[in-house]
Amino acid sequence: MEKIIPSVKGTRDFYPEEMAIRSWLYRTLREVSESFGYQEYDGPFLEKIDLYAAKSGEELVKEQAFVFPDRGGDLITLRPELTPSLARMVAQRQRQLTFPLRWWSFGPFWRYERPQKGRTREFFQWNIDLIGANSPESDAELVAICVAFFKKTGLKPDQVGVFVNDRRLMDAELEKLGISDAEMKKRVFRLIDRRDKMHPEDWAAYSIEVGLSVDQFEGLKTILDNRELWKNSPEMQRFFESLRAFGADEYVHYNPQVIRGLEYYTGTVFEAYDLGRDGRAILGGGHYDNLVADVGGEPLPGVGFAMGDVMIGLVLQKYGCLPPLGTAPADVLVTVFDETLLVESQKAARQFRELGLRTIGYTEIVRLPRQLKFADRMNIRFVVIVGPDEASAGQVTVKDLAKGDQFTTTIVEAVETIKKLLA
RNA sequence: GUGGCUGUAGCUCAAUGGCAGAGCACCUGACUGUGGAUCAGGUGGUUGUGGGUUCGACCCCCAUCAGCCACCCCA
């Protein structure tokens with residue numbers, strides 16, 4: 001056997017089983033997105049590197065993007081995220097579009113990272129944004145969409161949760177501690193982000209490194225341990241009230257430690273987690289003040305989030321929320337009795353198809369047991385046999401592999417019976 | 001980018017440095033107009049790749065590639 005050329009590191013082959021899951025996920029995301037009136041869009045998979053130079057984290061482009069020169073010498077990037085493309089698309093038609101804009105997308109992205117559990121180099125991502133909106137209720141809508149997705153897939157509030165915070169609130173609270181310098185705030189946000197990942201002593205040491213006084217450090221801990229902090233924020237109060245109206249509050253929790261790395265978030269920020277012991281982040285998003293800031297154009301606030309297909313796939317599998325696998329490609333298999341009846345079988349298969357049943361006609365002349373075994377393996381429930389007796393009588397024999405019984409009748413009647421049995 | 005674990009039949013895995021095996025799957029038959037079950041027989045391997053040590057390497061050493069895991073980062 002020839003040596004098989006291996007696939008590119010961090011990519012996945014989608015065999016029919018996996019493809020069925022991917023399609024199911026796409027369908028589900030579409031249903032959820034469209035139920036809130038969002039429109040599907042997409043950008044190019046290839047972009048010039050300049051698009052990401054200004055925006056995004058520096059690391060995302062420099063360390064994590066697939067970049068290569070095209071034949072003309074331009075540096076081309078396999079898109080590592082969608083937001084910059086979205087910003088351009090919106091900016092280009094800022095005067096023509098009707099705001100607020102509700103857009104969603106599901107497509108492939110690439111990041112040159114070391115593959116591990118829940119992370120590949122080629123992955124799909126659900127992006128959904130509400131652009132040109134600036135209220136806590138808009139923010140709540142996005143969280144509600146996320147919750148609607150959880151509900152639709154059967155994930156329960158004790159399995160997954162959305163944790164919410166507000167950067168404006170945190171800004172105000174840090175001000176109270178005498179932390180007002182912008183650079184300092186950035187470092188403190190980073191410190192907050194690291195809390196759960198470090199030992200308490202190391203984290204305390206890190207706080208000194210960041211430049212916090214002992215009093216400020218104690219104050220910060222008090223803030224981070226206060227699950228009622230949101231009550232200090234009129235926006236958060238409206239947000240949670242709205243969430244109740246959306247019927248999504250069961251899944252949503254306030255958590256002052258949610259900050260998020262991306263710098264462009266300016267208000268509400270949220271992250272969804274698997275609540276299990278080894279739980280990891282499923283999706284993240286938040287409110288931004290100006291989507292098109294770096295592209296020019298009018299200030300345009302909005303809110304959105306992104307969810308990768310790999311992590312959510314693992315979570316859905318873990319909680320048994322994936323659709324059943326091994327679904328049959330056809331309802332009927334029309335077998336070939338022998339060479340002389342091959343054409344009869346093909347004609348029969350065509351009639352089954354025309355009468356609305358998904359039908360495979362066997363195209364090889366092999367022994368009957370083998371064809372039955374094929375049907376069994378493929379999970380095809382009904383096997384049609386056109387033998388000499390049937391052919392001369394203008395009938396077919398239909399065997400129901402699920403029940404084990406069989407009957408002989410005309411094709412029209414057979415189709416009716418099969419449809420009843422499938423219903 | 002850093003560290004750890006693992007690579008043996010299509011799959012899941014065995015094999016003190018001394019003949020490379022099992023289960024499942026596959027093929028054939030028992031069963032010439034009927035799948036699953038059972039029984040009998042059979043096919044299947046450059047032990048990831050390249051070096052080294054040794055009389056002898058799946059086993060020990062080095063390198064490399066891949067997968068997994070943890071960091072890092074994030075979705």
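Below, read A as the first sequence line, B as the second, and so on, with proteins coming before strands; counting in each chain starts at 1.
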I'd like to know if [X] pairs up with [Y] as an ion pair, taking the criterion as any Lys NZ or Arg NE/NH1/NH2 lying under 4.0 Å from an Asp or Glu carboxylate oxygen.
{"X": "A:Glu364", "Y": "A:Arg370", "result": "no"}
{"X": "A:Asp331", "Y": "A:Arg381", "result": "no"}
{"X": "A:Asp42", "Y": "A:Arg79", "result": "yes"}

May I have the distance from [X] (atom [atom1]) to [N] (atom [atom2]), rounded to whole angstrom?
{"X": "A:Phe270", "N": "B:A75", "atom1": "CZ", "atom2": "P", "answer": "11 Å"}
{"X": "A:Trp110", "N": "B:C74", "atom1": "CH2", "atom2": "C1'", "answer": "18 Å"}
{"X": "A:Met311", "N": "B:C73", "atom1": "CE", "atom2": "C1'", "answer": "15 Å"}
{"X": "A:Glu17", "N": "B:C11", "atom1": "CD", "atom2": "P", "answer": "15 Å"}
{"X": "A:Arg194", "N": "B:C73", "atom1": "CZ", "atom2": "C1'", "answer": "10 Å"}
{"X": "A:Asp13", "N": "B:A66", "atom1": "CG", "atom2": "P", "answer": "15 Å"}
{"X": "A:Asp193", "N": "B:C71", "atom1": "CG", "atom2": "P", "answer": "14 Å"}
{"X": "A:Gln116", "N": "B:G1", "atom1": "CD", "atom2": "C1'", "answer": "13 Å"}

Problem - A:Phe305 ring center within less than 6.0 Å of A:Trp126 ring center - result: yes

Practice task
Tell me whether the centres of the aromatic rings in A:Phe66 and A:Trp110 are closer together than 6.0 Å.
Solution key: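 Between A:Phe66 and A:Trp110, the centre distance exceeds or equals 6.0 Å.
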
Could you work out the separation of [N] and [M] based on their [atom1] atoms and round it to a whole Å?
{"N": "B:G3", "M": "B:C62", "atom1": "P", "value": "14 Å"}
{"N": "B:G48", "M": "B:U54", "atom1": "C1'", "value": "23 Å"}
{"N": "B:G1", "M": "B:C61", "atom1": "C1'", "value": "27 Å"}
{"N": "B:A40", "M": "B:U53", "atom1": "C1'", "value": "47 Å"}
{"N": "B:C27", "M": "B:G18", "atom1": "C1'", "value": "34 Å"}
{"N": "B:C58", "M": "B:C74", "atom1": "C1'", "value": "40 Å"}
{"N": "B:U43", "M": "B:U38", "atom1": "P", "value": "22 Å"}
{"N": "B:A63", "M": "B:A20", "atom1": "P", "value": "29 Å"}

So what does [X] touch, heavy atoms closer than 4.0 Å: a base, only the sugar-phosphate, or nothing?
{"X": "A:Phe123", "answer": "base"}
{"X": "A:Gly10", "answer": "sugar-phosphate"}
{"X": "A:Ile282", "answer": "sugar-phosphate"}
{"X": "A:Ala306", "answer": "sugar-phosphate"}

Problem - Base versus backbone protein contacts along nucleotides 31-36 of chain B [heavy-atom cut-off under 4.0 Å; B, S, -] - result: -SBBBB

Handout entry: Of residues 410-422 of chain A, the positions that come close to RNA chain B - non-hydrogen atoms, cut-off under 4.0 Å
Key =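 Correct list: empty, so none.
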
Exercise for the section: Decide yes or no, distance alone: a donor-acceptor N/O pair under 3.5 angstrom between the base of B:A75 and the side-chain of A:Glu113. Expected result: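 Side chain to base: pair present.
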
Practice task
Assess whether one donor atom and one acceptor atom, taken from the side chain of A:Arg119 and the base of B:C73, lie less than 3.5 Å apart.
Solution key: yes

Completion exercise
Residue pairs passing the ring pair (Phe, Tyr, Trp, His ring centres under 6.0 Å) test with at least one member in residues 356-397 of chain A, sequence neighbours excluded, are A:Tyr362-A:Phe374

Exercise for the section: With sequence neighbours excluded, tell me which residues meet side chain to side chain contact (heavy atoms under 4.5 Å, CB included) with A:Ser135. Expected result: A:Glu137, A:Ser138, A:Arg238

Problem - Residue mapping more 5' on RNA chain B - nearest nucleotide basis, A:Arg114 or A:Gln125 - result: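 In this pair, the answer is A:Arg114.
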
Problem - A:Gln406 and A:Thr397 side chains, donor-acceptor separation under 3.5 Å - result: no

Problem - Any side-chain donor near an acceptor of the partner, A:Gln257 and A:Asn255, under 3.5 Å - result: no

Fill in the blank from the handout: Correct closest heavy-atom pair for A:Phe99 and A:Gln94 would be CE1-O, 3.3 Å

Exercise for the section: Identify the heavy atoms of A:Ile128 and A:Leu142 that sit nearest to each other, and give their distance. Expected result: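 Shortest heavy-atom contact: O-CD1, 3.6 Å.
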
Exercise for the section: Apply side-chain hydrogen bond (donor to acceptor under 3.5 Å, both in side chains) to A:Arg194 and list each qualifying residue two or more places apart in sequence or on a separate chain. Expected result: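 side-chain hydrogen bond (donor to acceptor under 3.5 Å, both in side chains) list for A:Arg194, sorted by chain: empty.
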
Fill in the blank from the handout: With both pairing distances under 3.5 angstrom for Watson-Crick or G-U wobble, and | for a partner in another strand, the correct string for RNA chain B is (((((((..((((....[..)))).(((((.......))))).....(((((..]....))))))))))))....

Handout entry: Main-chain N/O of A:Thr359 paired to A:Arg353 side chain as donor or acceptor, under 3.5 Å
Key = yes

